[in-house]
Amino acid sequence: MIQIRCIGKLKLSDPESKLIEGYLKKTREKIEIREYVEKKNLPDADLKEAEAKLLLSDLPNNAYVVALDEHGQTLSSREFADQLKLAKDKANPIVLMIGGANGHGKSVLNRANLKLSFGRMTLPHFLIRVVLAEQLYRATTIWNNHPYHRD
């Protein structure tokens with residue numbers, strides 16, 4: 001099982017929702033999206049930790065955690081697929097975490113098995129969800145030798 005845990009709520013009517021749904025449906029993997037909203041008006045550092053606490057709530061001990069972080073590793077699609085495949089064979093669930101506008105709190109980064117960056121450009125968090133959904137679909141096509149991914 002794969003979970004995507006996100007700070008922020010996406011409306012079903014948003015165009016990103018339809019793209020995400022389309023990619024996740026095609027993966028044929030069980031993928032759950034959990035959205036969290038921290039409504040307290042806090043200083044940035046405190047807000048990041050409050051959001052981290054939400055993301056880490058009820059996290060199984062054996063989860064493989066991928067924190068999407070601007071300072072994380074950049075991987076090719078094949079490398080990402082390989083990392084997920086190894087994790088899938090050992091851990092349950094795989095949990096991909098997307099932080100809030102200020103990034104992840106230290107507790108998420110410390111818990112992460114992998115810190116992953118999709119590049120040096122800044123992208124809106126809702127768009128990152130689309131990119132992540134596409135990369136999860138791509139990973140499953142790589143695992144199944146489907147022609148969608150070309151090296």
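FYI, the numbering just counts along the sequence from 1. These figures come from a predicted structure and were not determined experimentally.
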Do [X] and [Y] touch side chain to side chain, with heavy atoms closer than 4.5 Å?
| X | Y | result |
| --- | --- | --- |
| L19 | E21 | no |
| I7 | V37 | no |
| Y23 | L132 | no |
| L59 | R111 | yes |
| P124 | L127 | yes |
| I33 | L24 | yes |

Return the set of residues passing side-chain contact (heavy atoms from CB on, under 4.5 Å) with S117 (not counting sequence neighbours), or none when no residue passes.
->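 With neighbours one apart ignored, the set is T74.
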Tell me, please, which residues at least two apart from Y64 pass ring pair (Phe, Tyr, Trp, His ring centres under 6.0 Å).
->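 None.
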In the hydrophobic clustering (ILVMFWY, side-chain contacts below 4.5 Å, transitive), which residues join M1, or is it alone?
->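 Members besides M1: none; it forms no cluster.
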Results of side-chain hydrogen bond (donor to acceptor under 3.5 Å, both in side chains) for R5 - residues two or more places apart only =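 So R5 forms a side-chain hydrogen bond (donor to acceptor under 3.5 Å, both in side chains) with Q3, D58.
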Go through the steps to decide whether D82 and L75 satisfy the test side chain to side chain contact (heavy atoms under 4.5 Å, CB included), and finish with yes or no.
-> CA-CA 10 Å; D82 291 346; L75 300 175; over 6 Å; no
Quick check on the hydrophobic clustering: are [X] and [Y] connected, directly or via other members, by side-chain heavy-atom contacts under 4.5 Å?
| X | Y | value |
| --- | --- | --- |
| F80 | I98 | yes |
| I128 | V95 | no |
| V108 | L68 | no |

Is a side-chain N or O of [X] found less than 3.5 angstrom from the main chain of [Y], in a donor-acceptor match?
| X | Y | result |
| --- | --- | --- |
| N113 | V65 | yes |
| N62 | N92 | yes |
| E79 | S76 | yes |
| D14 | E16 | no |
| E35 | L10 | yes |

Under 6.0 Å from the CG atom of N41, do we count more than 12 heavy atoms belonging to anything else shown?
->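 Not more than 12 within 6.0 Å, no.
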Take D69 and L109 through the side chain to side chain contact (heavy atoms under 4.5 Å, CB included) test and state the conclusion after the steps.
-> CA-CA 8 Å; D69 182 70; L109 297 175; 3.9 Å; yes
Quick one: [atom1] on [X] to [atom2] on [Y], what's the gap to the nearest 0.5 Å?
| X | Y | atom1 | atom2 | value |
| --- | --- | --- | --- | --- |
| I94 | L114 | CD1 | CG | 10.5 Å |
| I4 | L96 | CD1 | CG | 6.0 Å |
| L136 | T27 | CG | OG1 | 7.0 Å |

Would you list the pairs meeting ring-ring contact (aromatic ring centres under 6.0 Å, His included) in which at least one residue belongs to residues 99-139, sequence neighbours left out?
->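 Residue pairs with at least one partner in residues 99-139: Y137-Y148.
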Between I142 and S77, which heavy-atom pair has the shortest distance, and what is it?
->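 It is CD1-O, 3.8 Å.
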For T140 against E29, the heavy-atom pair lying closest together |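 Taking T140 first and E29 second, the nearest heavy atoms are CG2-CG, 3.7 Å.
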Output, in order, the C-alpha distance, side-chain angles, deciding distance and verdict of side chain to side chain contact (heavy atoms under 4.5 Å, CB included) for V66 and M97.
-> CA-CA 6 Å; V66 178; M97 295 187 178; over 6 Å; no
Step by step, would you call L86 with K88 a side chain to side chain contact (heavy atoms under 4.5 Å, CB included)?
-> CA-CA 5 Å; L86 286 171; K88 189 175 181 232; over 6 Å; no
Report all side-chain donor-acceptor pairs from residues 45-57 shorter than 3.5 Å, counting only partners two or more places apart or in another chain.
residue: E49; atom: OE1; partner: S107; partner atom: OG; Å: 3.0
residue: E49; atom: OE2; partner: K106; partner atom: N; Å: 2.6
residue: S57; atom: OG; partner: L54; partner atom: O; Å: 2.7

With salt bridge (Lys or Arg N to Asp or Glu O under 4.0 Å) as the test, would you mind laying out the steps for E32 and R34 before giving the verdict?
-> CA-CA 7 Å; E32 174 186 38; R34 292 188 181 183; 3.4 Å; yes
